[in-house]
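Here's the structure, in structure tokens; my notes come after.
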Amino acid sequence: MLFCRLLPTVFLLLSASVLTPCASAAAPKGAETSQTAPPEKAPGTPLQTKSDAQPAAGHIDSGAFLTAVVATHQGDDLDAARAFRAAAAADPTNQDLLKQAFIRSVLAGDPEAVPLARVTAKLPEGQSIISSLVLGNDATARGDWTEAARFYQQAGADPMAHLIMPLLQAWCQQAQHHADEAIASLTHIQGSVLVPFYTLHAAMIAQTAGQTARAGDLFAQAAKMMPGYDLLLTRSQAAWLWSQGQQDKARTLMRGMIQADPVLALAGAQLQATISHFPVTSAQSGIARAYVLTAFLLRQQGRQQGRSQHPGPSDHQFDEASRLMLGFALGLDPHLAEARLMLAEIQDDEGHQTAARETLLRIPQTDPLYPVAAFRLALVDGSTGHLDEARTILTHLAQDTGGQGLAVRALGNTLSAQKDWKGAITAYNQAVTQATASKTLDWSLLFLRAVAYHEAGDWPRAKADLQQALKMAPDEPLLLNFLGYSMVERKENLGEAEALLRKAADLDPQDAAIRDSLGWVKVEQGDLAGGTALLERAAEQTPEDPEVNYHLGEAYWRAGRQSEAVDQWNVALGLHPEPTDEALIRAALARASAAGINKATQQQSAPPAESGPAKSGGKHTP
């Protein structure tokens, strides 16, 4: 089955050049076994310095080390940090273990990161950007702004830290009642990709310092430089407008951002309800926002690096660096929803859905961005097979948002996954009505509703949706294949169906499902040679698709290759077909048995199939 999985983002896209070299952590001597992979590389930022020290032979707590490795690969940073600390305690001469314990403690937001930072900073070449930032953040949390500025300055030589160092230092200045100097330091920077954000932070510093008029001017300047809506800027500027008695302008500004982003629209009511609240009211929360910005820049750079052909750090390394920055942000502001949303997105992308779920659950329902977190939580639940949980969340979200399109559409997808076709149709109807009214209707929504109609047995409505969708996207192979194959199933205008499928094949010649559809319509029209050749190629591409194997068996049968046909049907029967396909396969085997083909009853000729649902690589029905 095919269902849309939307990956929302609530952040303004921006690129920046960030260099993030990587260092490897050595395993304790003697800890490796033939069954155990070495620990993964350390996070991909200038977070660790090279160490020439070799791990000395000492007591090796292999159990703790292996626990740390497993926890690391599962994305459980807290368990990994504890296990690395245990391993380091057993082998105190191994500096690599100590550094890994430190890094994982930072990622987990574990308070033990602070004493570990002090220890690692004393190692040969142990002073690093991360230890400096950890100690600077600790000083910030304690309100020791002189010490915080000193530690932040130590990290300033690093290329990545250089980008946000003006923000960290400026907020330290503001906390020490030097707002004018802080604002000047940020507004005098020229030629940097971060100038719009420096200006935004200058505005927030002015507002926090009580320089209201100056803050308004700076918010306006930042808005002119931003190539779109930025969540932090929009909320800050709307709050400023509200404080100046310009409520209509504030609501208009907030409404514009909400309408431009369907994900934020889920939280539209909450954002409007808290429109008078400034999101940043202290130096500590300002520094936390600076780290969120850094995490975002690293993540965007990682995506750009992944799309380019140039060698460099991997997406995983950039994501590790982003997670560290988000850990800093949450250490300073544990309730920062934007940081948790980005962290959960990274965890989900890395395949750590359990960690992503826990991250999202820590966003309180009182937070204005809670509906966005609930939506993301439902997507995580849906992608991991927890459909009942996803259905419950989305049902409440659809009700709470007044049937907002994205929530209703996602609910339809979840109901489709549960094969509740009637419920899915109801949800999709609501989504189509809303999208039509807002002039945002797209072919994919019509396609999803067509699938639900098709599975519910309402072919006329399914066909109407598919034809309307094709008017919007006439060269979409998915639509062409679904409509063409559905017509073949009903032996409806096979010539037109073949034309649709030929066009789909021309647009996507490597798609096995399309190849199977085209082969099947040829067989149905009597072109056994041409159809069989296509079906054999489709079966080679998707050998575990029961529908394709059934079609190939039918082609063999009609060509007089009865023994091969029965073999193919037995293979199809062993692949856990859908009930409708299973009925066709059993009917074909019964036909063969009636014709005296004994192999039709020899189910053992089918290869042993794995338990669980059939793979859907060549399925025609999404």
Salt-bridge present (Arg409, Asp442; N to O < 4.0 Å):
yes

In this structure, CG of Leu483 is separated from CZ of Phe447 (nearest 0.5 Å) by 10.5 Å

Looking at Gly531 and Val523, what are the two nearest heavy atoms and their distance?
CA-CG2, 3.9 Å

Any side-chain to backbone donor/acceptor pair from Gln237 onto Ala222? Under 3.5 Å, distance only.
no

Looking only at non-hydrogen atoms, find the nearest pair between Leu264 and Ile258 and report the distance.
O-CG2, 4.3 Å

What is the minimum heavy-atom distance between Ala497 and Val521, and which atoms define it?
CB-CG2, 4.5 Å

May I have the step-by-step check of side-chain hydrogen bond (donor to acceptor under 3.5 Å, both in side chains) for Asn413 and Tyr428, ending in yes or no?
CA-CA 9 Å; Asn413 295 346; Tyr428 288 139; 2.6 Å; yes

Could you tell me which non-hydrogen atom of Leu163 sits nearest to which non-hydrogen atom of Leu194, and how far apart they are?
O-CD1, 3.5 Å

Check whether any side-chain heavy atom of Gln211 sits under 4.5 Å from a side-chain heavy atom of Asp217, and report yes or no.
no

Spatial distance of atom CD (Gln399) from atom CG (Leu397) [nearest 0.5 Å]:
10.0 Å

Which class fits the ring pair Tyr291 and Phe328: parallel under 30°, tilted 30 to 60°, perpendicular over 60°?
tilted

Can you tell me if CZ on Arg461 sees more than 12 non-hydrogen neighbours from other groups inside 6.0 Å?
no

Distance-only polar pair, side chains of Asp367 and His335, donor-acceptor under 3.5 Å
no

Are there over 12 heavy-atom neighbours, none belonging to Arg362, within less than 6.0 Å of that residue's CZ?
no

Pair Glu547, Tyr485: side-chain N/O donor-acceptor within cut-off below 3.5 Å:
yes

Would you check if Val548 and Arg515 make a side-chain contact, meaning some heavy-atom pair closer than 4.5 Å?
no

Less than 4.0 Å between a side-chain N and a carboxylate O, is that true for Arg323 and Asp77?
yes

Answer yes or no: is there an ion pair linking Arg340 with Asp333, defined by an N-O contact shorter than 4.0 Å?
no

Side-chain contact test, heavy atoms from C-beta onward, threshold under 4.5 Å: evaluate it for Met487 versus Leu500 and give yes or no.
yes

Do Ser285 and Ser282 pair up side chain to side chain, a donor and an acceptor below 3.5 Å, judged on atom types alone?
yes

Can you see which heavy atom on Ala202 is nearest to which on Ile183, and at what distance?
O-CG1, 3.8 Å

Between Thr234 and Leu231, is there a donor-acceptor pair closer than 3.5 Å when you use the side chain of the first and the backbone of the second?
no

Backbone N/O of Ala538 and side chain of Thr542: donor-acceptor pair under 3.5 Å:
yes

Under 3.5 Å, is there a donor on one side chain and an acceptor on the other for Tyr370 and Asp400?
no

With a 4.0 Å cut-off on N to O distance, would you call Asp475 and Lys503 a salt bridge?
yes

Is it true that His454 and Trp421 share a donor-acceptor pair across their side chains at a distance under 3.5 Å?
no

Walk me through it: do Asn481 and Ser517 pass the test side-chain hydrogen bond (donor to acceptor under 3.5 Å, both in side chains)?
CA-CA 7 Å; Asn481 182 50; Ser517 298; 2.7 Å; yes

Distance only, no hydrogens: is a donor on one side chain within 3.5 Å (strictly under) of an acceptor on the other, for Gln525 and Glu498?
yes

Check whether any side-chain N or O of Asp420 sits under 3.5 Å from a backbone N or O of Ser416 as a donor-acceptor pair, and report yes or no.
no

Any side-chain donor near an acceptor of the partner, Gln353 and Asp348, under 3.5 Å
yes

Is there a side-chain contact between Met204 and Thr281, using heavy atoms and a 4.5 Å cut-off?
no

Regarding Gln207 and Ser236, do their side chains bring together a donor and an acceptor under 3.5 Å, going by distance alone?
no

If I compare all heavy atoms of Ala238 with all of Leu253, which pair ends up nearest, and what's the gap?
N-CD2, 3.8 Å

Ignoring hydrogens and geometry, is there a side-chain-to-backbone donor-acceptor pair from Thr401 to Gln404 under 3.5 Å?
yes

Would you say Gln246 and Trp240 are linked by a side-chain donor-acceptor pair, where the criterion is simply a distance under 3.5 Å?
no

Within a strict 4.5 Å, meaning less than it, do heavy atoms of the Leu446 and Leu441 side chains meet?
yes

Is the shortest heavy-atom distance from the side chain of Val292 to the side chain of Leu336 under 4.5 Å?
yes

Considering only NZ, NE, NH1 and NH2 on the basic side and carboxylate oxygens on the acidic side, decide whether Glu345 and Arg376 come within less than 4.0 Å.
yes

Answer yes or no: is there a side-chain heavy-atom contact under 4.5 Å between Ser322 and Met342?
no

Can Arg289 and Thr294 be counted as having a side-chain donor-acceptor contact under 3.5 angstrom?
no

Are Trp459 and Arg490 side-chain neighbours, meaning at least one heavy-atom pair lies under 4.5 Å?
yes

